[in-house]
Amino acid sequence: MTGSHDRDEKTPMETTELGLGELARAIGDGRISAVTAVTAALGRIDAAQPDLNAFRLVRRDRALVEAAAADARIAAGERLPLLGVPIAVKDDTDIAGEPTAFGCGGEHPPASADAEAVRRLRAAGAVIVGKTNTCELGQYPFTSGEAFGHTRNPWSAGHTPGGSSGGSAAAVAGGLVPAALGSDGAGSIRIPSAWTNLVGIKPQRGRVSTWPEPEAFNGLTVNGPLARTVADAALLLDACAGNHPDELHRPPAIRAVEAVGRDPGRLRVAVSLRAPFTGFPTRLDPEIHAATQRIAARLRAAGHAVVEADLPYSTLLTAAFLPRSLAGIAAWHERMPPSARVGRRTLANVRTGRLLAGPPLTAARRAEPLLHRRIGAMFGEFDLVLAPTTATPPIPVHSPDDLGSFATDHLIAGCCPYAWTWNVLGWPAVNVPAGFTDAGLPIGAQLLGPANSEPLLISTAAQLESELRWDLVRPDPWWLRR
C-alpha cells in the first residue's frame, strides 16, 4: 500500500539529522516515507524562511504529489539513488512550470522544460522542493537583492552565507534539505560552502550539464553539489552528472561515489597562499591562514608530502576572466523578459559586458590553452594544490548594501580573491570545511586539481573528513527562536 511503512518510522523533525545517503536509504528501506521526508523538509523551510530566507520559490503542492508518487514506486519495488528524497536547486536552473528569476525582480515566465541537470535529478528519483535564492545573475559572493532581501548564514544571523549559491548553502547548513545543487562561475559553490561549514564540489567543466545553454557564462560556470559530507556531495554529483548531446564540453565519465572510500595514496601537495592579481589590494586573514595550515598539517599527518609552493598566476588570468564573466552577464540580461528588474550595479556590469563581448572575449577564450600549459605545469611536480577558499571569514550581511560598482568590486576582491582562477581553467576543485574563527564563523580551504581530477580530490577530501568530522558540528537554529 502506498505510504505504508513499519512502526519504526522516524518523526518529521528527526529527518533533519539524516544526510542525503542516509535519507535515501531510509526511504528505500521503508523506514521513512517520501511524503514524510518531503513534508518535514517543507515544514523546516516554512519555519526558517522568514529569517533565514534561503528559498526564492517553494514547490509545496507539486513536491507533495511527487513524493506520493515516489512512495507508490517504492511500494511497487522500484529503487533509484534518490527516490523520494527532497532536494533544492539554485534559481538559475530551469524547472518546468516554474520561473527562473536568477536573483532578479519583476515577472518571469515559467520554464517550458527542465534543465538537463534537473531532468537527471528527477531520473534519479529526487523530489525538488524549491529553488534557492541567489544574487542578481550570480555576480557576487553574497546573497541579497532588491527582489528578495537578504539570505542569512545559519551560523550567524548577522552574516551572509556567501554567494552566489548562498540560498543553497543556507538550506543545507540549516538542515532544511540534505543537499542542494548550486553553480560556480567564480567560486559560487566553494565560497558559500566555506562560509557555512559544507563540502562544495566545483566539477570539471561539462561534468554536470548546463543545458539549455551549450555552456554557461562563456565556459566559466558549472553546476555542482553542496552537502554536509563528501559522500553526500559525491552522491548528488553522480545523480546529476552527464550531458545533453548539443553541449560544448563533454568530459570522460567518472563515478564520484567510488572515490569516497578510496585511499588516495601518498600525494605531493602544494600549499599556495598567494592570491592572484585582481587589481585591488588583498590580505589573507590570519585566522584563514592558520586554518589552511591546519589542513596542511592534517595532510602531512596522513602521510602526504606537503610543501609551500605558490601557483604561477599571471595578469593574463584576470584578462581572461573579466570579458567572459561580464559578457556572460550581458548575455543573460538580454535574454530576460522586459518585465524583469535589476539594480544599478548589474546595469553597470551589463554595459561593460557589452563592450567586452567582441574582440576582448575572443582573445580571452584564446588565452585558455596557454593558461592550461602555464598553470598545468604545477601538476608535473604536485598532485594537487591546497589553497584558501576565501581571504576572510563571512562578511556582515549588510556590508554590500548601497555600495556602488567600484566599491563592490573592492569588497569582492578583498574577501574572495582565490576561487575564480579555476573557473577560467575549467578544472575541478573541492571546498573542505577548515574549522571556525574565534567568533564562531565557519571558514574553508580548497583542494585544486588538474583536468578531470574529481576522484582524487574527493578521495582526499574524504580522508580529511574522516579525521576532522566537520559533519558532526551543526549550527544552533536561531531562526526558530521567534
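All values below were derived from every heavy atom in this structure, side-chain atoms included, with hydrogens, water molecules and symmetry-related copies excluded. For reference, positions follow the sequence shown, starting with 1.
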Checklist entry - When you look at Ile27 and Leu83, which way does the side-chain contact (heavy atoms from CB on, under 4.5 Å) test go after all the steps? => result CA-CA 8 Å; Ile27 294 172; Leu83 187 53; 5.9 Å; no
Next on the checklist: For a side chain to side chain donor-acceptor pair (under 3.5 Å) check, start with the C-alpha distance between Glu465 and Thr229, then their side-chain angles and the critical distance, and finish with the verdict.
Outcome noted: CA-CA 8 Å; Glu465 181 181 275; Thr229 68; 4.8 Å; no
Test side chain to side chain donor-acceptor pair (under 3.5 Å) on Asp94 and Thr100; report intermediate values, then the result. CA-CA 6 Å; Asp94 287 347; Thr100 301; 2.6 Å; yes
- [ ] Go through the steps to decide whether Asn423 and Thr221 satisfy the test side-chain contact (heavy atoms from CB on, under 4.5 Å), and finish with yes or no.
- [x] CA-CA 7 Å; Asn423 296 89; Thr221 296; 5.8 Å; no
- Verdict with reasoning, Ile87 to Leu181, per side-chain contact (heavy atoms from CB on, under 4.5 Å): CA-CA 8 Å; Ile87 296 291; Leu181 191 67; 5.5 Å; no
When you look at Gln463 and Arg298, which way does the side-chain contact (heavy atoms from CB on, under 4.5 Å) test go after all the steps? CA-CA 10 Å; Gln463 186 180 62; Arg298 287 287 185 172; over 6 Å; no
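Minimum heavy-atom separation, Trp195 to Cys415: CH2-SG, 4.1 Å. The two residues Ile189 and Val222 come nearest to each other via the heavy atoms CD1-O, 4.5 Å. When all heavy atoms of Ala67 and Ala34 are compared, the pair lying nearest together is O-CB, 3.5 Å. Here the shortest heavy-atom pairing between Thr460 and Pro264 reads OG1-CB, 3.8 Å. When all heavy atoms of Pro154 and Thr196 are compared, the closest pair comes out as CD-CG2, 4.3 Å. Nearest heavy-atom pair, Leu57 versus Pro99, reported as atom, atom and distance to 0.1 Å: CD1-CD, 3.6 Å.
At a cut-off of 3.5 Å, with distance as the only test, a side-chain donor of Ser165 or Lys90 sits close to an acceptor on the other residue. Judged by distance alone, the side chains of Asn452 and Arg207 do bring a donor and an acceptor atom under 3.5 Å apart. Side chain to side chain, Asp285 and Thr392 fail the donor-acceptor criterion of an N or O pair below 3.5 Å. With 3.5 Å as the limit, one finds a donor-acceptor pair spanning the side chains of Ser209 and Glu247. No hydrogens or angles considered: nothing links the side chains of Glu287 and Thr437 as a donor-acceptor pair under 3.5 Å. Side-chain polar atoms of His150 and Asp401 form a donor-acceptor pair below 3.5 angstrom.
Inter-residue side-chain proximity for Asp114 and Ile95 is flagged as met; some heavy-atom pair is nearer than 4.5 Å. Within the 4.5 Å cutoff, no side-chain heavy atoms of Val432 are placed close to those of Thr389. Counting heavy atoms from C-beta outward, Asp476 and Arg481 have side chains that approach closer than 4.5 Å. In this structure, His249 and Gln204 have side chains that are not in contact, with every pair of non-hydrogen atoms separated by 4.5 Å or more. Proximity of Trp211 to Asn243: side-chain heavy atoms (C-beta onward) are nowhere separated by under 4.5 Å. In this structure, the side chains of Arg73 and Leu80 come closer than 4.5 Å at one or more pairs of heavy atoms. Put simply, the side chain of Trp478 reaches to within 4.5 Å of the side chain of Leu52, judged on heavy atoms. Residues Arg205 and Pro251 fail the side-chain proximity criterion, which asks for heavy atoms closer than 4.5 Å.
A salt bridge links Arg469 to Asp471: at least one charged side-chain nitrogen sits closer than 4.0 Å to a carboxylate oxygen. Between Lys131 and Glu98, no side-chain nitrogen of the basic residue sits less than 4.0 Å from a carboxylate oxygen of the acidic one, so the salt-bridge criterion is not met. We find that Arg474 and Glu17 are joined by a salt bridge, their nearest charged nitrogen and carboxylate oxygen being less than 4.0 Å apart.
The CG atom of Leu42 sits 5.5 Å away from atom CG of Leu64, with the distance rounded to the nearest 0.5 Å. Atoms CZ and OG1, from Arg152 and Thr160 in turn, are 9.5 Å apart once rounded to the nearest 0.5 Å. Atom CG of Leu411 is separated from atom CD1 of Ile395 by 4.5 Å, given to the nearest 0.5 angstrom. The CG atom of Asp232 sits 7.0 Å away from the CD atom of Glu22 when rounded to the nearest 0.5 Å. His398 contributes atom NE2, which lies 9.0 Å from atom OG of Ser144 (distance to the nearest 0.5 angstrom). Note that CG of Asp92 and CZ of Arg56 are 12.0 Å apart. Values are rounded to the nearest 0.5 Å.
With Thr210 contributing its side chain and Gly206 its backbone, the two residues share no donor-acceptor pair below 3.5 Å. Of the possible polar contacts, none joining the Arg345 side chain to the Thr408 backbone as a donor-acceptor pair under 3.5 Å is found. Under a 3.5 Å cut-off, the side chain of Arg250 and the backbone N or O of His244 do form a donor-acceptor pair. Judged by distance alone, the side chain of Arg228 and the main-chain N or O of Gly19 form no donor-acceptor pair under 3.5 Å. No donor-acceptor pair closer than 3.5 Å links the side chain of Asn133 to the backbone N or O of Thr151. In terms of modelled atom types and a separation under 3.5 Å, the side chain of Ser164 and the main chain of Thr134 share no donor-acceptor contact. Side chain of Asn223 to main chain of Val208: no donor-acceptor pair is present (N/O by atom type, distance under 3.5 Å, no hydrogens or angles). Formation of a donor-acceptor pair under 3.5 Å by the Ser339 side chain with backbone atoms of Glu107 is found in this model. Under the 3.5 Å distance criterion, the side-chain polar atoms of Gln446 are matched with a main-chain donor or acceptor of Pro388. Under a 3.5 Å cut-off, the side chain of Asp29 and the backbone N or O of Arg31 do not form any donor-acceptor pair.
For Glu78, the CD atom is densely surrounded, since the number of other residues' heavy atoms within 6.0 Å is greater than 12.
In this structure, Trp332 and Phe217 have parallel ring planes: the angle between them is below the 30° cut-off, well short of the 60° mark. Between Trp420 and Phe321, the angle of the ring planes lies from 30° to 60°, which puts this pair in the tilted group.
Just one of His333, Glu136, Glu146 meets the side chain to side chain donor-acceptor pair (under 3.5 Å) condition when paired with Thr346; it is Glu136.
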